Enquirer: 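Encoded as structure tokens, here's the structure I'll be asking about.
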Amino acid sequence: SYNNGFQAQDFPASLVFQAVPELRFKPATRLENACATGSAAIHGALDFLGARRGRITLVVGVEKMTAVSGQRVGEILLSASYVKGEAGIQAGFAGVFARIAEAYFQKHGDQSDALAAIAAKNHRNGVDNPFAQLRKALGYE
């Protein structure tokens, strides 16, 4: 099993430094935060700058989910949850989010229409993005 689940080369953050000799031996931080990894990396860079620990940051991200089967992606993503309490949830990580939505609906009422509108917008935006994992508008319905 691999630490990050998607590739045999673990801790690949240092590979970026091999591309440009001037970057070798610079400090680096690897961030993983499931679906929010990109945002966490941006915030980490902003915190670094805000704390005045440096003047320049480089944030690099790579998506590896298309390199394995959909079932394996689900298993890997589920490992980002609280495995002891959530490993048996049907639909994997999507099922974890479904439980969160159900709890939210119980507290604030059914928000299915709002979630459907968000999903439709996101999929519509993905159609024009050549790097999107799913480039298909699914519509609101």
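Hydrogens, waters and symmetry mates are skipped; everything else that's a heavy atom, side chains included, is used. Quantities reported herein were computed from a predicted structural model and do not represent experimental measurements.
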Enquirer: Measuring from L31:CG to H43:NE2, what's the distance to the nearest 0.5 Å?
Expert: 11.5 Å
Enquirer: Search all heavy atoms of Q111 against all heavy atoms of H108 and return the closest pair with its distance.
Expert: NE2-O, 3.3 Å
Enquirer: Write down the atom of G126, the atom of A132, and the distance for their closest heavy-atom approach.
Expert: O-CB, 3.5 Å
Enquirer: Could I get the full list of ring-ring contact (aromatic ring centres under 6.0 Å, His included) partners for F105, not counting sequence neighbours?
Expert: none
Enquirer: Say you draw a straight line from CD of E102 to CG of D110; how long is it, rounded to the nearest 0.5 Å?
Expert: 11.0 Å
Enquirer: Measuring from I42:CD1 to T37:OG1, what's the distance to the nearest 0.5 Å?
Expert: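 It comes to 12.0 Å.
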Enquirer: What closest approach, in Å, do A116 and Y140 show between heavy atoms, and which atom pair accounts for it?
Expert: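 That closest heavy-atom pairing would be CB-CE1, 3.6 Å.
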Enquirer: Pick out which of V96, V73, V83, I89 makes a side chain to side chain contact (heavy atoms under 4.5 Å, CB included) with L78.
Expert: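 Answer after filtering V96, V73, V83, I89: V96.
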Enquirer: Would you say R135's side chain and D128's backbone share a donor-acceptor pair under 3.5 angstrom?
Expert: no
Enquirer: With rounding to the nearest 0.5 Å, note down the distance linking OG in S79 to CD in E86.
Expert: 11.5 Å
Enquirer: For L23 versus K26, what's the shortest heavy-atom pair and its separation?
Expert: O-CG, 3.0 Å
Enquirer: Partners of F48 by ring-ring contact (aromatic ring centres under 6.0 Å, His included), sequence neighbours excluded?
Expert: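 Testing F48 for ring-ring contact (aromatic ring centres under 6.0 Å, His included), a comparison that skips the adjacent residues, returns none.
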Enquirer: Could you tell me the separation between the CG atom of L49 and the OG1 atom of T57, rounded to the nearest 0.5 Å?
Expert: 4.5 Å
Enquirer: Cluster partners of F25, using ILVMFWY side-chain heavy atoms under 4.5 angstrom, listed by chain and number?
Expert: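 Cluster partners of F25: none, it stands alone.
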Enquirer: Is I118 linked to L138 within one hydrophobic cluster, defined over Ile, Leu, Val, Met, Phe, Trp and Tyr using a side-chain heavy-atom separation of less than 4.5 Å?
Expert: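 No.
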Enquirer: Where do A137 and V127 come nearest, in terms of heavy atoms and distance?
Expert: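 Taking every non-hydrogen atom into account, N-CG2, 3.4 Å.
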Enquirer: Any chance you could measure T29, atom OG1, to D47, atom CG, to the nearest 0.5 Å?
Expert: 11.0 Å
Enquirer: Check the surroundings of atom CD in Q71: do more than 12 heavy atoms from other residues, nucleotides or ligands lie under 6.0 Å from it?
Expert: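 No, the 6.0 Å shell around CD holds no more than 12 heavy atoms from other groups.
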Enquirer: Do I100 and L77 sit in one hydrophobic cluster, given that two such residues count as connected whenever their side-chain heavy atoms are within less than 4.5 Å of each other, even indirectly?
Expert: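 Yes, same cluster.
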